[in-house]
Amino acid sequence: MFHLFGNILTTYGTAANNRGETEGNTSTLQKLNWKSEVHSSVSSESIRWALRYCWQIQGYDVNRIWEEDNPNKIRWQDENFDAVKYIDDDVLGFMKVEAAKQEGSEQPQKEELDNSEPSEYAEKDTKPKRKKKKKPQATSLKRRGILDVTRAVSTMPYSGDITFNAFSGEKGRTSLYSTEVHATYYQFGFALTPEYLKNKSRINAVLDGLISIGEVAGNHARFLYDFSPESIILRWTHDASPRFLYCFEEDEFGNISIPNLIRRLEVGDINPEELWIGGKIADSSEDWKLGDSRPHIFRGVKAVVEDIKKVIAEDLQSVTESS
């Protein structure tokens, strides 16, 4: 069984809150303690939403449609879902739960008497036994998301930058508010096993979408943070573990490196031929001491994705023919 793993380093930009979270009149960033320091973070849900919106713009059939002029913003094409027809239902999964329905009155149902004839082996008992009615069960319609996405974490710690702003309202009233911002790269990983997709060719749409998403870490409509990759590392393998997530590191001078991944290659934990590396990080590939085996290296992000898509198509075709 083949697995596709990836680790993406976004372009450098100024991130701000994108989920409406505030403390007082300050829009706050999501943060976590990462390697003993505070880093800003972007949720995997935000990345998945941006991916679905990217598919909508690219013309794929998506079930959950974002409509700017719709008061509810979201419109479902089929509330019963269809993983064969809709790419987001197939790749990202869904869940619909309906509460248990009571028949007739909503009052608790009484126990009924069981007056059936006892078995000849049962102990004699003249009292009728009480037979409990089964409680109605809730129903659920669900499909686990095939695409797993990690939380995005900034490559540098958050230093506490805040912008202060003023808004003039009615009758000359002025409202003061502030926004936490972070100038940084983000890195996040993903995993996908195409065997579980209803349509295995949708792995191409996943790759095309992940290198094209934007507007993930912006502050509502006022900020734009480009989440497309500056560097990307992909692994196409039978190994069930990625082994290289969060491998990008940034030093105090802004230089990006991947020392842990290089070590994994040198000690044999990862076969270099299973890796496709593209973008700015490829410029430092001459320093990698990997022996005779080397990863597939491209200076362009789009070029590396197009190359691995050809290999994926060939391998999946071979699996189909042999099964």
Do Ser201 and Asn199 have a side chain donor and acceptor closer than 3.5 Å?
->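 The criterion, which ignores hydrogens and geometry beyond distance, is satisfied for Asn199 and Ser201.
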
Donor-acceptor side-chain pairing of Ser231 and Tyr185 below 3.5 angstrom |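 Result is no, nothing qualifies.
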
With distance as the sole test, does Thr10 use its side chain to make a donor-acceptor pair with the main-chain N or O of Tyr186 at under 3.5 Å?
->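 Flag set: sc Thr10 to bb Tyr186 pair under 3.5 Å.
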
Just by distance, do the side chain of Gln187 and the backbone of Phe248 share a donor-acceptor pair under 3.5 Å?
->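 Between the backbone of Phe248 and the side chain of Gln187 there is a qualifying donor-acceptor contact (under 3.5 Å).
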
Does anything in residues 304-323 pair up under ring-ring contact (aromatic ring centres under 6.0 Å, His included), and if so which pairs, sequence neighbours excluded?
->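 ring-ring contact (aromatic ring centres under 6.0 Å, His included) check on residues 304-323 returns no pairs.
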
Can you pull the ring-ring contact (aromatic ring centres under 6.0 Å, His included) pairs that have at least one residue in residues 304-323, sequence neighbours excluded?
->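 Listed once each, the pairs would be none.
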
Sort and list the pairs that fulfil side chain to side chain donor-acceptor pair (under 3.5 Å) and have at least one residue in residues 248-258, not counting sequence neighbours.
->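 Those involving residues 248-258 are Thr155-Glu250, Asp251-Asn255.
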
Considering the options Gln30, Arg151, His182, Lys31, which one meets the side-chain hydrogen bond (donor to acceptor under 3.5 Å, both in side chains) requirement together with Ser41?
->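 The single option meeting the side-chain hydrogen bond (donor to acceptor under 3.5 Å, both in side chains) with Ser41 is Arg151.
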
Whether [X] and [Y] hold their rings parallel, tilted or perpendicular, with breakpoints at 30° and 60°:
| X | Y | result |
| --- | --- | --- |
| Phe5 | His3 | parallel |
| His296 | Trp276 | parallel |
| Phe2 | Trp236 | parallel |

Arg48 bridged to Asp88 by N-O distance under 4.0 Å |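 Salt bridge: no.
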
Applying side-chain hydrogen bond (donor to acceptor under 3.5 Å, both in side chains), name anything that partners Lys309, two or more places apart in sequence or on another chain.
->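 Listed in chain order: Asp208, Glu306.
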
How would you list, by chain and number, every residue that makes a side-chain hydrogen bond (donor to acceptor under 3.5 Å, both in side chains) with Ser159, sequence neighbours excluded?
->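 Applying side-chain hydrogen bond (donor to acceptor under 3.5 Å, both in side chains) to Ser159 gives Asp161.
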
Quick one: salt bridge (charged side-chain N to carboxylate O under 4.0 Å, His left out) partners of Lys35, sequence neighbours excluded?
->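 Per chain and number, Lys35 pairs via salt bridge (charged side-chain N to carboxylate O under 4.0 Å, His left out) with no residue.
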
